[in-house]
Amino acid sequence: MNINFEEIEADESFRDRISTVNKEGKRIWVYPKKPKGTWYNRRKIVSYFLLFLLFASPYIKFRGEPLFMFNVIERKFVIFFKVFWPQDFYIFAIAAVLGVVFVIFFTIIFGRLFCGWVCPQTIFMEMLFRRVEYWIEGDWTYQKKLDAQKWDKEKIIKRGGKHVVFWFISFIISNTFLAYIIGSDELWKIITSPIGTHIGGLTVIIIFTYVFYGVFAFMREQVCTTICPYGRLQGVLLDRNTMVVAYDHKRGEQRAKFKKDEKRQTKGFGDCIDCKQCVHVCPTGIDIRNGTQLECINCTACIDACDHIMEGISKPKGLIRFVSENSIVDGSKFMWTRRVKAYTALLIGLLITLIILLVTRKDFETTILRQRGSTFQITGEKKISNIYEINLTNKTIKDFNIELKTDCKECRIKLAVKKLRLKKSEHLKERFIIEMPLQKIYEPKKIIYIEVYGNGILIDEVKTKFIGPML
Ligand code: SF4
Ligand code: SF4
C-alpha cells in the first residue's frame, strides 16, 4: 500500500500550528465564503440589535444622562442612566468579579458562543467590514482572483474604494468610543468647534481610527486566534460536557466524496461528503471536522454550510451542530457537574450582593473635614471659628439647593458663597466657617453634627469636631 505522507502531514498540521500560519511561519490570508442560512440570519438580527445599541447608547438620554458612559478622565460612570462615582468603586469591583464568573460559567456551558455572537470584534468584522468587502470585491473566489491579479484599474478602484470605506467606518467607531468616554455633548463640541481648539481630541480620534482600521483591515481573525486572552482560556474552561459547534464524527465518518446513486452505508461511508464547504465559510480558516480547536469562535457559519449540503443530498441536517462532545459520543444530555454547580452558587451569591449594594447605594456622598492644617481662630467679637471643607457628590439626576444646619445650638454656619447649588450628577467642593461664642466653649473638642439639606429635605448628616481653646 502506498502511504501518502504529505497528505497525512497536511491533515495533521492543525496539531502543530494554527490554521492561519504556514510551515514557514508566514500568515495564510483567510478568504471566507459568504455565509448564508438560518443561523446566519439569526446572527444578523442579534448583531444589528447590538450594533444599534453600541452606536446609539451615548445618544440615548434620560434627564440628560446617557444610557452608558465611562468617563475615566472625570471618573464618572453612567450605567443604565444611573451615575456612579469613584466612591462607588466597590460596586464596580463586585460587578467586575461577577462579570468574570459569569463569563467562566457561560463558557463552561456554552463554549465560545460569546465570541461569535456578542463580541464587538466579531460583530464589526463579520457584519460591517466583511459585508463591505463582499459588496465591493465579491465573494471569496473573486477576492482571491483580485488578490492574484496585477494592479490594474479594476484592482485599484476596488481595493482603494474598500480601504476608504474601511477607514471611514473606523473613524465612526473611533468617534463612538470617544462618545462613551467623554460623552456625546463633549464630542459634539469637538466636532463643531474649530480644529485649532481641540487638536488633542482630534489626535486621539485619528490614532484610534488607525488602530481600528489596522485591526479590521489587516489583523482580523488574528485578534481572536492569537491576541485575545479569553480565547486562550478555552483550553481550561471547556470540557466534554460543554456545548460547542461540533462535527458529529460518529455520523460523518468515514468521509468520502459524493457519488450519485452510491450506497454509502454499505461501503462504510458516513454522511460527510468531504465537500469542504464548512472549511470555506470559516472566518478563522479551520476545519471543524478536526474537533474543537482554540480558533473556533462558535460563529455557526459551518452549521449553515453543512446543513445546506445535507439538504442537497437528502440527509438530515445537523452533521455539524451545537452539541457537546459527550452528546455526540453517547447521546447524553447536558449534566450539572460539580464545577457547574459551584459556579452557579458563586454567581447567585455575587448577584445577590450586587443587588443589595445597588439598592442600598446612597444618592449623596458627603465628607466634611476641618481645613487641613488649620486650628481655631478668635474673632474680635469674642467668637471662636473653625474652617471646614465640604465635598458633596450628587449621584441623582436632579439639581439641589443646599443648606447646612447643625445640631449645635450656639453655633452659626457662615458660607463663603451666597448660595450652595449642587447640580445633577455633579460634585461640589466649598469652604465654610462655624462660629461659636467663646463663653459657650466648655471643652477643647466638641463633637457636632452637620445636617445637609437639599431642596429643604435632609439628605445627609455628618459628624465632625469643633476645636476651641484649652480652658
Ligand atoms: S460541509 Fe458537511 S459534508 Fe461538507 S465537508 Fe463539511 S462536514 Fe462534510
Ligand atoms: S469552525 Fe464553524 S463555528 Fe467555528 S469559527 Fe469556523 S465556521 Fe465558525
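Residue numbers count from 1 along this sequence. Both counts, for ligands and for their atoms, begin at 1 and track the order of listing.
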Enquirer: For ligand 1, which atoms have a heavy atom of C272 less than 4.0 angstrom away?
Expert: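 What qualifies from ligand 1 is 3 (S), 5 (S), 7 (S), 8 (Fe).
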Enquirer: For a 4.5 angstrom cut-off between non-hydrogen side-chain atoms, does F124 reach L51?
Expert: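 Yes, their side chains come closer than 4.5 Å.
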Enquirer: Using the rule ring-ring contact (aromatic ring centres under 6.0 Å, His included), only one of W135, Y210, F129 pairs with F166; which is it?
Expert: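 Among the candidates, only F129 passes.
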Enquirer: To check your reading of the model: name the closest protein heavy atom to atom 4 (Fe) of ligand 1, its residue, and the distance in Å.
Expert: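 The answer is C275 SG, 2.3 Å.
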Enquirer: Just jot down the ligand 1 atoms closer than 4.0 angstrom to any heavy atom of C278, in number order.
Expert: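 Those atoms are 1 (S), 5 (S), 6 (Fe), 7 (S).
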Enquirer: Do the two ring centres, one from F212 and one from F171, sit under 6.0 Å apart?
Expert: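 No, too far apart.
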Enquirer: Examine C306 and say whether one of its N/O/S atoms is closer to atom 2 (Fe) of ligand 1 than 2.8 Å.
Expert: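 An N, O or S atom of C306 is closer than 2.8 Å to atom 2 (Fe) of ligand 1, so yes.
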Enquirer: Taking 4.0 angstrom as the limit and counting only heavy atoms of T284, give me the atoms of ligand 2 inside it, by number and element.
Expert: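 The atoms of ligand 2 under 4.0 Å from a heavy atom of T284 are 5 (S).
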Enquirer: Within the side chain of R112, is there an N or O that forms a donor-acceptor pair under 3.5 Å with the backbone of V244?
Expert: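 Pair absent, no side-chain N/O of R112 close to backbone of V244.
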Enquirer: Does NZ or CZ of R361 fall inside the cone over F84's six-membered ring, less than 6.0 Å from its centre and within 45° of the axis?
Expert: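 Verdict for F84: a cation-pi partner in R361.
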Enquirer: So among K398, K82, K76, which one has a salt bridge (Lys or Arg N to Asp or Glu O under 4.0 Å) with E65?
Expert: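 Of the listed residues K398, K82, K76, the salt bridge (Lys or Arg N to Asp or Glu O under 4.0 Å) partner of E65 is K76.
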Enquirer: Verify the ring-centre separation between F81 and F68: is it less than 6.0 angstrom?
Expert: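 No, ring centres 6.0 Å or more apart.
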Enquirer: Of all the non-hydrogen atoms in the protein, which one sits nearest to atom 6 (Fe) of ligand 2, and at what distance?
Expert: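 For atom 6 (Fe) of ligand 2, the nearest protein heavy atom comes out as C282 SG, 2.3 Å.
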Enquirer: Return the orientation label for the W39 and W117 ring planes: parallel under 30°, perpendicular over 60°, tilted otherwise.
Expert: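 If you compare the ring of W39 with that of W117, the planes turn out perpendicular.
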Enquirer: Which residue owns the protein heavy atom closest to atom 3 (S) of ligand 1, what's the atom, and how far is it?
Expert: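 Looking only at protein heavy atoms, the one closest to atom 3 (S) of ligand 1 is I273 N, 3.5 Å.
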Enquirer: Between I286 and ligand 2, find which residue part has any heavy-atom pair under 4.0 Å and reply side chain, backbone, both or neither.
Expert: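 Just the side chain.
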Enquirer: Starting from atom 2 (Fe) of ligand 2, locate the nearest protein heavy atom and write down its residue, its atom name and how far away it is, to 0.1 Å.
Expert: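 In this structure, atom 2 (Fe) of ligand 2 has C302 SG, 2.3 Å as its nearest protein heavy atom.
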Enquirer: Strictly under 4.0 Å, does any heavy atom of V281 approach an atom of ligand 2?
Expert: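 Heavy atoms of V281 never come under 4.0 Å of ligand 2.
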Enquirer: Side chain, backbone, both or neither: which part of D274 comes within less than 4.0 Å of ligand 1 when only heavy atoms are counted?
Expert: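 For D274, only backbone atoms sit under 4.0 Å from ligand 1.
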Enquirer: At what distance is the nearest protein heavy atom to atom 5 (S) of ligand 2, and which residue and atom is it?
Expert: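 Result for atom 5 (S) of ligand 2: I297 N, 3.4 Å.
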Enquirer: Between F208 and F177, is the ring centre distance below 6.0 Å?
Expert: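 So the answer is no for these two rings.
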Enquirer: Could you tell me, atom by atom, which parts of ligand 1 come under 4.0 Å of a heavy atom of K276?
Expert: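 Answer for ligand 1: 4 (Fe), 5 (S).
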Enquirer: Could you tell me which atoms of ligand 1, counted from 1 in the order shown, lie closer than 4.0 angstrom to a heavy atom of M310?
Expert: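 Under 4.0 Å from M310, ligand 1 has these atoms: 3 (S).
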Enquirer: Among all protein heavy atoms, pick out the one at the shortest distance from atom 8 (Fe) of ligand 2; state its residue, atom name and that distance to 0.1 Å.
Expert: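 Nearest neighbour among protein heavy atoms for atom 8 (Fe) of ligand 2, to 0.1 Å: C299 SG, 2.3 Å.
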Enquirer: Which of the atoms in ligand 2, numbered in the order shown and given with their element, are less than 4.0 Å from a heavy-atom of N298?
Expert: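 The atoms of ligand 2 under 4.0 Å from a heavy atom of N298 are 3 (S), 4 (Fe).
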Enquirer: Can you tell me if T141 and D139 form a side-chain donor-acceptor pair at under 3.5 Å?
Expert: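 Not at all, the side chains of T141 and D139 share no donor-acceptor pair under 3.5 Å.
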